[in-house]
Amino acid sequence: MQRFALSAVLRWLAAAAAGFGSLYVVWLIYLSGQVVWAVLALGLVSLAFFVYASRIAFAYRYLFPGLAGMAVFVVFPLLYTAQIGFTNYSSTNLLTFERVTAYLLEQTQPDEGAAYSFSVHREGDEFRLRLAPKGEEEDDDDPEKKAAAEAHTYVTPALALIAPTPPEEIKAISLKDAHLALGEPLPLGEVIKRREVLSKLRIRLPDGALVTYAGVREFAPLASVYRLAGPDELIHVKSGKVYHANHDTGFYENAAGERLQPGFKVGIGFGNYARMLNDPEFRGPFAQIFLWTVTFAGLTVLFTLAVGCTLAVLLNWEALRFRTAYRTLLFLPYAVPGFISILVFKGLFNQNLGEINLALSTLFGLKPAWFADPFLAKVMILIVNTWLGYPYVMVLCTGLIKSIPGDLYEASAIAGAKPLTNFFKITAPLIVKPLMPLLIASFAFNFNNFVLITLLTGGRPDFLNTRVPAGTTDILVSYTYRIAFQDSGQNFALAAAISTVIFFLVAVLSMANLRMLKVNRQDGR
Amino acid sequence: MPIVVGKKHRWRIIAAHVGLIAFILLLMFPLLAIISISFRPGNFATGSLIPSEISLEHWKLALGFSYQGADGSLVEPPFPVLRWLWNSIKIAAASSFLIVAISTTAAYAFARLKFRYKSEILTSMMLLQMFPAVLALVAIFAIFETIGTFIPWLGVETHAGVILAYLGGVALHIWTIRGYFDTIPVEIEECAKVDGATHWQAFQYVLLPMAVPVLMVVFVIAFIGSIQEYPVASILLRQEANLTLAVGSKYYLYEQKYLWGDFAAAAVLSGLPITVVFLLAQRWIVSGLTAGGVKG
């Protein structure tokens, strides 16, 4: 009994620790200002506690980890992607409006109008900087003027100027108070040598202004580039131009339409979808890529089915010996990890260095440009994918053919039927129905066969003169990946919108698949 | 089958053998070629397919040793292949173990417990599994970047993060295990419950030991699935030492730096263990495959 009590105490302690730990993380997320994420995390954590504490949700104790995993890493990404598709999220519009405004307000630049010309003077092993107001000629002859000028001329403490110091402030005092006689200024060449160190200096003048390096001859105070005029209004301090936040385009814009970088993330409704349909520069390659995606998936299914099914029929032929050995060898392409065989093919098909062209050129004197010619690249993709995919179909077909009752073939043999007749009149009709949902699944898988395209051709050869880079062998997913993660632009939102379109296509395919599975099961009963 | 066969039949058998052997030779070409290339000196397609001289330079590099080149310079291994292989195995083993644990419990609920919307939940899980992760990469990256700001060891560039990301793909495994549970008579567990076992005990001590074969199948399928996974790993892992084999291998074949021979040795070295595991587990995998599912 005592042992039971101990384990109960331990369990409570563990639960309490897990609870406080997760609440702490939620609190951290909340503190960082990401309220939405905090609420989502809190929801997940409280759901977990409800499930494991409540008696009502008993069955869900077993289900929760699996369901939570699917919710967080499958459902949520899908929804989030769909949501991104309605925004302008991209490398130019990465941050939220608040962050962009804060960023722009933090921007500073040296104020050239109030610049000081500087000179560097040696003092032993160290140096002093002398900052004089710009444009005021020095006039040593007039002591009064000289004194007035010295009041506005500043000098720093002696500095080593060896390694760039961390940007700490250096206090300068006016030359008048310093009572110093500075030596000859360093020649310009010597100053330029120390440019890197100088550019790190931040000098605080007695009047409170902070000046930094602004060129080989001058130091200037830092001034904000923009200042906030209203809730949605920034003013460019120097030029006085007024920029309004445009919440439709996601940029700060002035009347002339000039935009400030970076832009911010805003919802643009169906803008990305409209672009897919209306922008001719985009629509052209998009339509071709879509067509190729369907062709690729369809032909792959067809070829793997043809090869796989033929082999399955042969392997089920009892008169044939060594069938087990054949089956193992024929299964081998499936056993080699896909990413390795795809890369092996990539090397073998290489135009100048690959073994396939080596063989072709010695045998027939041919040297096809597998990667440069769009048509040949497509042929190559289909060859490779058939090689990769037929064993799966073969395995499926073997199982299905085995379940066909043998007396059907006996009957046909008595009737004197040839093997081909056997296949088309008995085998094919009997396996096509249970095979159908698997073929649809295979179609859906190849429709999204990202790894093959990315590793083999990377979508290349590219279409010429398209604004969004697109390849002739790109399928929709690899195209989407390129828009989001490669090349210039990184247009996450456009990629997300295309992804959403693919979601729907895949959903239709899966529904059809599921329906067929159900029909089959009912027939089987 | 007691069928009378004619002379034609024998010719057909011979033709079938010839056809099959020719086909297998064609199939084996890439695999045999890569093995031969891995022993051929140099990184270019020179000479015949059967190497005239055997060189172990690529294998030395693949195994992480440097060697003295022909011009006397020391050639360093271009990439940490063994490190990548280890990363891959680590991630795959951990994620498949967790996947088996998660999907077994969930499958138990689907097979044995009564709750509302059971078939609806299962159907929608199967539907959701059809969406490839590559479509939601932007979102997945955003999720892990956010997680990483608060729990650094689970964020981008961590193996724990990749393992976590793989835990979403359990629906198919739940389906497979549930199918197996359905074939085990429920009475056995009920007997245990009559003897005073709780739900969990009946599951742990009675059902689970009987389900070991199917758990092995699911483990192997999940393991191979994770080893081969490319898209998610490619956006979550970027640093060279961190990569998995699937992400790292392609760096061998850049146009500017084409390390064909080095790649061959690395490919054989890393592909062979996986292939052997696959062939050994072939029977199990086939049974798992026919239960529904496509290689991922």
Side-chain angles (χ1 to χ4, degrees), chain A residues 25 28-29 37 59 62-63 65-66 69-70 73-75 77-78 80-81 84 314 319-320 326 329-331 333 335-340 343-348 353-355 358 392 395-396 399 406 410 413 441-442 444-445 448 450-451 455 477 481 484-485 492 495-496 499 502-503 506 510, chain B residues 1 3 13 16 20 24 27 30-31 33-34 44-45 49 102-103 105-106 108-109 113 115 123 125 127-128 130-132 134-140 143 146 150-151 165 167-168 170-171 174 227-228 230-231 235 246 249-250 253 258 260 263 267 271 274-275 278-279 282 286 289-290 294-295:
Chain A
V25 170
L28 280 182
I29 300 176
W37 289 94
Y62 291 92
L63 282 176
M70 293 225 43
F73 298 112
V74 180
V75 181
L78 288 185
Y80 190 49
T81 307
I84 291 174
L314 277 177
L320 205 68
Y326 283 139
L329 283 175
L330 287 170
F331 189 70
V336 180
F339 66 94
I340 289 184
L343 288 172
V344 167
F345 272 110
K346 182 179 177 170
L348 291 176
L353 308 171
E355 273 66 19
L358 195 74
Y392 172 65
V395 166
L396 294 178
E410 284 174 37
S442 164
F445 170 77
N448 294 311
F450 167 77
V451 177
L455 290 186
V477 273
Y481 182 86
F485 293 103
F492 300 123
S499 290
I502 307 177
F503 288 160
V506 173
S510 344
Chain B
M1 270 193 295
I3 296 173
I13 288 180
L20 275 174
I24 286 171
L27 281 181
L31 302 179
I34 203 74
F44 304 97
L49 268 183
I102 290 175
S103 36
T105 49
Y108 175 72
L113 302 177
F115 53 94
T123 310
M125 282 178 97
L127 264 181
L128 284 168
M130 298 283 282
F131 296 99
V134 58
L135 290 177
L137 283 182
V138 176
I140 290 174
I143 291 174
T146 315
F150 304 107
I151 317 173
L167 296 190
V170 288
I174 292 177
I227 285 245
Q228 303 207 354
Y230 173 78
I235 57 154
S249 304
K250 72 165 184 184
L253 297 183
Y258 199 76
W260 188 211
F263 166 76
I274 304 170
T275 310
F278 210 102
L279 286 178
Q282 183 184 352
V286 166
L289 284 179
T290 36
V294 182
K295 187 185 187 185

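Hydrogens, waters and symmetry mates are skipped; everything else that's a heavy atom, side chains included, is used. In the text below, chain A, chain B and the rest are named by the order of the sequence lines, each starting its count at 1.
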## Note on the structure
Smallest heavy-atom separation, B:S249 atom then A:F339 atom, equals OG-CE1, 3.6 Å
### Message
Using a 4.5 angstrom heavy-atom cutoff, name the option from B:I140, B:T123, B:I227, B:I143 with the most pairs to chain A.
### Response
B:I143
### Message
What part of B:V138 gets within 4.5 angstrom of chain A, counting heavy atoms only: side chain, backbone, both, or neither?
### Response
both
### Query
Looking at B:L128, B:V170, B:L167, which makes the most heavy-atom pairs under 4.5 Å with chain A?
B:L128
### Message
Please classify the contact of A:L329 with chain B as side chain, backbone, both or neither, using a heavy-atom distance under 4.5 Å.
### Response
both
#### Entry: Part of A:A484 lying under 4.5 Å from any heavy atom of chain B
side chain
### Task
Check each atom of A:I340 against the heavy atoms of chain B and say whether the ones under 4.5 Å are side chain, backbone, both or neither.
both
### Query
Any idea which of A:A496, A:G347, A:A495 has the most non-hydrogen atom pairs under 4.5 angstrom with chain B?
A:G347
### Query
So do the side chains of B:W260 and A:L348 get within less than 4.5 Å of each other, counting heavy atoms only?
yes
### Summary
In terms of heavy-atom contacts, A:L28 and B:F150 come closest through O-CE2, 3.6 Å
### Interface moiety of A:L455 toward chain B, non-hydrogen atoms closer than 4.5 Å
side chain
### Query
If you tally heavy-atom pairs under 4.5 Å against chain B, which of A:L343, A:V451, A:V75 wins?
A:L343
#### Entry: Passing candidate, side chain to side chain contact (heavy atoms under 4.5 Å, CB included) with B:L135, options A:L78, A:T81, A:V477
A:V477
#### Entry: Contact origin within A:V344 toward chain B - heavy atom pairs under 4.5 Å
both
### Residues that A:Y80 engages under side-chain hydrogen bond (donor to acceptor under 3.5 Å, both in side chains), provided they are two or more places apart
none
### Task
Examine whether an atom of A:F503 lies under 4.5 Å from a heavy atom of chain B, and if so say whether it belongs to the side chain, the backbone or both; otherwise answer neither.
both
### Message
Using every non-hydrogen atom in the two residues, find where B:Q228 and A:V336 come nearest and quote the distance to one decimal.
### Response
NE2-O, 4.3 Å
### Message
Let's go through A:Y62 and B:Y108 carefully: what are the C-alpha distance in whole Å and the side-chain angles of both, what is the deciding distance for ring-ring contact (aromatic ring centres under 6.0 Å, His included) to 0.1 Å, and is it a yes or a no?
### Response
CA-CA 7 Å; A:Y62 291 92; B:Y108 175 72; 4.8 Å; yes
### Query
Is chain A contacted by the side chain of B:T146, its backbone, both, or neither, given a heavy-atom distance below 4.5 Å?
side chain
#### Entry: Contact origin within B:I34 toward chain A - heavy atom pairs under 4.5 Å
side chain
